[in-house]
J.: 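Here it is, the structure in full.
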Amino acid sequence: MSHEAIVAALGEPGWSITPDYLCAAEVAALRDECLSAYSRGAFHRAGVGKGVAEVRTEIRGDQVFWIDAEHAGAALQALLTKLEDLRQAVNRNLFLGLFDLELHFAAYPPGAGYQRHLDRFQDDDRRTLTVILYLNENWMPADGGQLNFWSSEAGPVLEIPPSGGTLVAFLSDRFWHEVVPANRQRLSLTGWFRRR
Ligand code: OGA
Ligand code: MN
């Protein structure tokens, strides 16, 4: 799916799923960057809420590593360039005024999930567009770990498997979602385009 098609879907219904946003080799290179940061101990327990966030593993069990664009490896640089193109396409067509991108790797150990939530903080409304890129090789239905996504109050729940290369994008303040615990480590890059 092109950025044009993603932008159209973000206009209506407000979310898009792109199964092959990156090819297998690009995903493998990002996974290597992710796992090497993980093994050098760069990840920390993710918190809930903003600022001095509280770690509450029963709500959210992942570990994260925030991306610093200046120290990003080649695979990440290429992705950041692509996401910058997406940001501009969204702003040109939807006038969301997306200004910057905060992005982290996330690693969910087996058994960890993230309970149903919205991505926008109560006291900070800058997060506008959520993007999630999965980095997992050969994800099987039996592995669990799907992203459950409520596309409307009453509407159907989408179950999105975290298969490597899939990009999920949605308006951050609109859609409730949940990460179901998996039987194996679950890796992703998750980011929020923010307005000023
Ligand atoms: C999040 C989140 C979903 C996923 O990090 O806020 O909802 O599928 N992640 O990883
Ligand atoms: Mn979320």
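In each ligand, atom 1 is the first atom listed, and ligand 1 is the first ligand listed. Throughout, numbering of the chain's residues begins at 1 and tracks the sequence.
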J.: Given the ring of W15, does R174 sit roughly above its face, with NZ or CZ under 6.0 Å from the centre of the six-membered ring and within 45° of the axis?
T.: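 Output no; distance or angle outside limits.
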J.: Is the terminal nitrogen or CZ of R196 (NZ for Lys, CZ for Arg) located under 6.0 angstrom from the six-membered ring centre of F99 and within 45° of that ring's axis?
T.: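 Yes, a cation-pi geometry.
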J.: Can you check whether N136 reaches R184 side chain to side chain, under 4.5 Å on heavy atoms?
T.: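 Answer yes - side chains close enough.
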J.: Between D85 and H3, is any side-chain donor less than 3.5 angstrom from a side-chain acceptor?
T.: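 Yes, side-chain donor-acceptor contact under 3.5 Å.
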J.: Scan side-chain atoms only and decide if S172 and T130 contain a donor-acceptor pair under the 3.5 Å cut-off.
T.: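 Per modelled atom types, S172 and T130 side chains form a pair under 3.5 Å.
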J.: For the Mn ion (ligand 2), how many protein N, O or S atoms come closer than 2.8 Å?
T.: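 That number is 3, waters not included.
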J.: Where the side chain of H177 meets the backbone of F175, is there a donor-acceptor pair that is under 3.5 Å apart?
T.: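 Yes, the answer is positive, given that a donor and an acceptor are paired below the 3.5 Å cut-off.
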J.: Near ligand 1, which residues have a heavy atom under 4.0 Å away from one of its atoms?
T.: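 Residue list for ligand 1: Y114, H117, D119, I132, Y134, L147, H177, V179, R186, T190, W192.
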J.: Check for me whether R186 meets the cation-pi criterion with Y108, that is, NZ or CZ under 6.0 Å from the six-membered ring centre and within 45 degrees of the ring axis.
T.: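 Yes - R186 lies over the ring of Y108, closer than 6.0 Å to its centre and within 45° of its axis.
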J.: List in chain and number order the residues that pass salt bridge (Lys or Arg N to Asp or Glu O under 4.0 Å) with E159, two or more places apart in sequence or in another chain; answer none if no residue qualifies.
T.: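 Testing E159 for salt bridge (Lys or Arg N to Asp or Glu O under 4.0 Å), a comparison that skips the adjacent residues, returns none.
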J.: Taking only residues two or more places apart in sequence or in another chain, which ones pass ring-ring contact (aromatic ring centres under 6.0 Å, His included) with Y38?
T.: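 By the ring-ring contact (aromatic ring centres under 6.0 Å, His included) rule, Y38 matches F43.
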